[in-house]
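Hydrogens, waters and symmetry mates are skipped; everything else that's a heavy atom, side chains included, is used. Chain naming here is simple, since letters A, B, ... match the order of the sequence lines and numbering starts at 1 in each. What you see is a predicted model; the values in this text were computed from it and never measured.
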2 protein chains.
Amino acid sequence: MLEKLIEHIKKFLPIAEEDVPVVLSFFQEATVKKKENVQEADKVCKQHYFVTKGCLRMFFVNEKGIEQTTYFALENWWITDYLSFQTGQPAEYTIQAIEPSEVISISAEKQEALLQQFPQMERYFRIIFQRSTAAAQRRLKLLYQLTREELYLAFSKQYPEFVQRIPQYLLASFLGFTPEYLSELRKKMVLKQV
Amino acid sequence: MLEKLIEHIKKFLPIAEEDVPVVLSFFQEATVKKKENVQEADKVCKQHYFVTKGCLRMFFVNEKGIEQTTYFALENWWITDYLSFQTGQPAEYTIQAIEPSEVISISAEKQEALLQQFPQMERYFRIIFQRSTAAAQRRLKLLYQLTREELYLAFSKQYPEFVQRIPQYLLASFLGFTPEYLSELRKKMVLKQV
DNA sequence: CGGATCGTTGATCAACTTCAACGGTCGTGG
DNA sequence: CCACGACCGTTGAAGTTGATCAACGATCCG
């Protein structure tokens with residue numbers, strides 16, 4: 001399973017075979033059950049997670065007590081509450097598996113130690129975060145320019161298999177509307193196709 | 001003016017004095033007039049901008065022909081259309097000065113060359129992008145959890161001087177609503193205070 | 001001084017939420 | 001293996017939020 005991470009790193013930079021076990025020694029593996037939290041809100045987020053199997057979601061609980069999902073992480077995606085991870089403040093987000101999953105993680109301290117010992121890993125994380133920044137810009141553009149209905153269409157088109165894979169109420173939350181409204185949208189779309 | 005960039009880099013890592021001029025030789029300076037574009041939509045975004053003075057905004061034009069502003073960049077902030085910058089595709093965003101400004105910039109090619117020659121700069125950009133990722137998470141949380149009115153209040157509270165500094169229609173656009181509605185919100189708030 | 005730009009106002013309208021209720025399905029315990 | 005409860009998706013009515021459009025005043029700047 002750790003192999004998955006090495007493969008991912010190798011996509012972005014060369015890494016000497018003899019360094020592989022040393023690099024990997026900074027990380028730990030975990031199996032996560034469905035609905036299990038890897039990170040609880042209000043606790044400091046100590047780990048940075050790399051998903052090797054399954055799917056995680058990140059959510060916060062709003063004033064009405066509703067879980068608002070804002071991120072999903074699939075295989076080969078990094079995820080964490082970066083604000084808490086960086087500053088050591090309590091996290092605002094909970095991170096939960098929505099399927100039986102497998103993750104690799106590294107603590108903030110170990111990540112820093114890894115970067116000290118293997119400065120070339122700065123490049124790996126620089127690229128990861130640069131891509132994340134680009135993805136955030138793209139997502140924000142969609143959020144600003146599309147109606148909820150168009151958002152649903154765009155997302156369904158880009159991730160058709162994923163839409164099948166997750167419960168509708170999570171998708172509705174992620175897209176920023178209610179499950180009832182998603183239900184209405186789906187009905188409308190079926191009618192149009194007939 | 002280039003001094004501002006060096007100061008910023010030094011906040012995150014040590015840099016030998018003799019390296020300073022070499023590092024700086026990768027960058028270029030520019031003065032930008034109010035309303036001048038440093039980046040046009042549909043052209044490939046070749047530069048990564050660091051603002052040393054003034055303020056830039058990033059926007060796209062939606063289907064109704066309205067300029068939708070999604071980012072501001074103040075002093076010591078990096079900004080660009082990262083998707084275009086990374087992939088070489090045409091940009092979706094325009095980047096424009098909203099005040100007379102001064103920027104330092106570096107092309108994608110030169111940034112790569114800089115990182116090859118000074119690998120410690122990977123750390124600098126890793127930190128910049130990691131913070132940017134954290135900021136994006138924070139912003140997304142606010143967008144999902146607050147009403148438009150609360151967004152305006154929160155933003156006014158966090159950046160009171162900035163709200164004074166920019167035209168209201170830009171602020172309304174950034175917060176995701178119309179200038180007319182912002183006007184209504186402001187009226188409502190004044191009435192409450194009386 | 002004159003035109004363009006910006007903020008405001010009010011009426012109407014569309015998008016989306018809220019709430020309550022119902023039916024289907026899935027998983028768990030007996 | 002069945003029965004029960006919890007969870008999930010759906011439906012429809014009523015209510016909010018915020019958009020749209022058109023018009024007007026103020027201000028800025030050349």
Please report, rounded to the nearest Å, how far the P atom of D/dG9 is from the CG atom of A/L170. 8 Å
Taking C-beta and beyond as the side chain, do B/R165 and B/C55 meet within less than 4.5 Å on heavy atoms? yes
Quick one: A/E63 CD to C/dT17 P, roughly how many Å, whole number? 14 Å
What is the distance from CD of A/E180 to P of C/dC22, rounded to the nearest Å? 16 Å
Does B/K187 put a side-chain nitrogen or oxygen below 4.0 Å from OP1 or OP2 of C/dG7? no
A/Y181 side chain N/O closer than 4.0 Å to the phosphate oxygens (OP1, OP2) of C/dT17? no
Aromatic rings B/F27 and B/W78: how do their planes relate, parallel, tilted or perpendicular, breaks at 30° and 60°? tilted
With respect to the phosphate group of C/dT17, does any side-chain polar atom (N or O) of A/K64 fall under 4.0 Å of OP1 or OP2? no
Where each residue is assigned the nucleotide of DNA chain D containing its nearest heavy atom, which of B/K34 and B/I66 is assigned the position nearer the 5′ end? B/I66
From NZ of A/K188 across to P of D/dT11 the rounded distance in Å is 14 Å
d(CG, A/L146; C1', C/dC16) in whole Å: 16 Å
Give me the atom names and distance for the closest heavy-atom approach of B/L185 to B/R148. CD1-O, 4.3 Å
Can you identify which nucleotide, out of D/dG18, D/dT10, C/dT8, has its nearest atom closest to the B/F177 side chain? D/dG18
Minimal heavy-atom distance between A/M189 and A/L153, with the atoms involved, is CE-CD2, 3.4 Å
Whole angstroms only, please: what is the CZ-C1' distance between A/R148 and C/dA15? 9 Å
Can a side chain N or O of B/T178 be found less than 4.0 Å away from OP1 or OP2 on D/dA19? yes
Pick base, sugar-phosphate or nothing for A/E184, based on heavy-atom distances below 4.0 Å to the nucleic acid. nothing
Check the distance between C/dT8's P and B/Y169's OH and give it to me in whole angstrom. 14 Å
Write down the distance between CD1 (B/I166) and C1' (C/dT5), rounded to a whole number of angstrom. 16 Å
Find out whether the Lys NZ or Arg CZ of A/R139 is both under 6.0 angstrom from the six-membered ring centre of A/Y71 and within 45° of the ring's axis. yes
